[in-house]
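In this chain, residues are counted from 1 in sequence order.
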Amino acid sequence: MVNITIDGQKLQVPEGVTILEAARTANINIPTLCYHEDQKIKSVCRICAVEVEGQRLLQAACSYPVAEGMVVRTSTPTVLNARKNNLELLLAHHPQDCLVCGKNGRCELQKLTQDLNMNKPLRYEVETRGFPIDNSSPCITRDPNKCILCTRCVEACNEVQTVGTFSKQNRGYETVVVTPYDKKTVDTPCVGCGQCVQVCPVGALTIHDDTDRIYKELINGKILVAQVAPSVRVTIAEALGEDPGTISPGRLVTAMKQLGFHQVFDSDFSADLTIMEEGYELLDRIKNGGTLPMITSCCPGWVKFCETFSPKELDHLSSAKSPQQMFGAVIKTYYAGKAGVDPKDICSISIMPCTAKKFECLRPEFHDS
C-alpha cells in the first residue's frame, strides 16, 4: 500500500494502481473517454489529464501509476482548460448532428460536453472526414465520421472476439479505423456479435435500426406478431427505473399492444422447443455414433464464427434452429392455423438482445414455413 493525496484527500491505495483507479476508490470523478474498465489502457484522448506535484506536464490519470507521497490535483484551472481544449479538438473533427444520432442521450462524448459545460461556440473550425455511412450490415451501422479513434472497437473485435474486422490505418491526423481492404462491413469476417457497438462511446458504431420497417408493415395492414426474449422481459423494467430483476411482463405486453402489436409471445416457449430438439439430437448422436461433443446452435454469432473461421468443426453444431427461428416457423404455421389467418398477412418480429439475430433472420435457408 502507498499513501497519496488527491484533491486534499489522503488515501492509502495498492501500489501499482493508476491515479484514475485510486481516485475512484474515493469517489473522486476524473472524466474519461478512451478508457474502458474491461480493456487495456490506451491513454489517447487525454481527457483524464491531472496535475501531479513535481511533474512539469499534465499526466493521463488512466495510465499514470501512483507512488508513495504523490500529490494529485484533478480540477485546477490548468487541468480544466486542458480538458476543454482536448474536447474542442475532438468536437472540431466530429459531426454536429447529435439530435438525429443513434447514440443521442447515451453518447459519452455528448455527456462529457455537458459535464465540462461546453456551452460556447468552438474556437476551431469544424471539419469532418466526409466518409460514406456503411449500412451494408443487417446488424451494425458504421459512421466513420464520428469515430474518435479510441480504438475500443479494435480491441473488442481483435483481442476478445478474435474476428479482426477493424484496425487502424495511417498516422497522426490521417489516422482512421478501417475494415480489411476498406470493404463494406457485410463483406468482412464480421459475425454480427455487436461487441464493437457495446464498447463504442459515440455514434460511430450503432445497432442497425429496423424500427421504420415495423411502422411500414403496420401501415400496410399486416398482423404484427412479436416474440420477446426473456432477458428483454426482465431488463426493460430496469431500463425504465425499476429495481434490477423486476419482472413486468404484463406491462410489457400492454405497452406493445398499445404500440400496435396484435399478439405478443415469450421466446422461452421456443427455448423449450430447442431444448427438446437438441436433447433428442444429442441422444441420437450418442446412440448411433454421431459427432461429439455436440454444441448448441442457439447463437447465430458463434454459428457464423464457426462457418467463417472453423468450417471443419461445423458437424459439432446442432442441426436444430435457434429459438428465434423455431418461434418464427411456429408463428407462421401453428399460430396462423389456430388464429385462422393467412401466414402471408403476418409480420413476425422478434425483440432480442442480440445483434446477430438480425443477420440470422435474413439467412435464405430460414425463408421457409
Open item on the list: My understanding is that only residues two or more places apart in sequence, or in another chain, count here; which of them pass side chain to side chain contact (heavy atoms under 4.5 Å, CB included) with Ser43?
Closed with: Ile41, Arg46, Ala60, Cys62, Ser63
Open item on the list: Under 6.0 Å between ring centres: does that hold for Tyr124 and His93?
Closed with: no
Task: Any residue meeting side-chain hydrogen bond (donor to acceptor under 3.5 Å, both in side chains) with Glu360, in chain and number order, not counting sequence neighbours - done: Ser322, Gln324
Open item on the list: For Gln110 and Asn104: C-alpha separation, side-chain torsions, deciding distance, then whether side chain to side chain donor-acceptor pair (under 3.5 Å) applies.
Closed with: CA-CA 8 Å; Gln110 187 182 54; Asn104 184 30; 2.8 Å; yes
Task: Test side chain to side chain contact (heavy atoms under 4.5 Å, CB included) applied to Pro95 - qualifying residues, sequence neighbours left out - done: Asp97, Thr128, Asn145, Lys146
Task: Set of salt bridge (Lys or Arg N to Asp or Glu O under 4.0 Å) partners for Glu277, sequence neighbours left out - done: none
Open item on the list: I need the full list of salt bridge (Lys or Arg N to Asp or Glu O under 4.0 Å) pairs touching residues 288-311, with sequence neighbours left out, sorted by first then second residue.
Closed with: Glu307-Arg363
Open item on the list: Restricting to side chain to side chain contact (heavy atoms under 4.5 Å, CB included), what partner residues turn up for Glu37, sequence neighbours left out?
Closed with: Tyr35
Exercise answer: donor-acceptor pairs, residues 180-199 side-chain atoms, under 3.5 Å, sequence neighbours excluded:
residue : atom : partner : partner atom : Å
Thr185  : OG1  : Asp134  : OD2          : 2.6
Thr188  : OG1  : Thr185  : O            : 2.7
Thr188  : OG1  : Cys190  : N            : 3.2

Kindly list each side-chain donor-acceptor pair under 3.5 angstrom involving residues 236-249, sequence neighbours excluded, with atom names and distances?
residue : atom : partner : partner atom : Å
Glu242  : OE2  : Arg251  : NH1          : 2.7
Glu242  : OE2  : Arg251  : NH2          : 3.3
Thr246  : OG1  : Asp243  : O            : 2.6

- [ ] Taking side-chain hydrogen bond (donor to acceptor under 3.5 Å, both in side chains) as the test, write out the residues that go with Gln161, two or more places apart.
- [x] none
TODO: State which residues pass side chain to side chain contact (heavy atoms under 4.5 Å, CB included) with Asn170; sequence neighbours excluded, sorted by chain then number.
DONE: Glu174, Val176
Task: With Lys103 via salt bridge (Lys or Arg N to Asp or Glu O under 4.0 Å) - residues at least two apart - done: none
Open item on the list: Test of understanding: with salt bridge (Lys or Arg N to Asp or Glu O under 4.0 Å), list the residues that count as partners of Arg83, not counting sequence neighbours.
Closed with: none
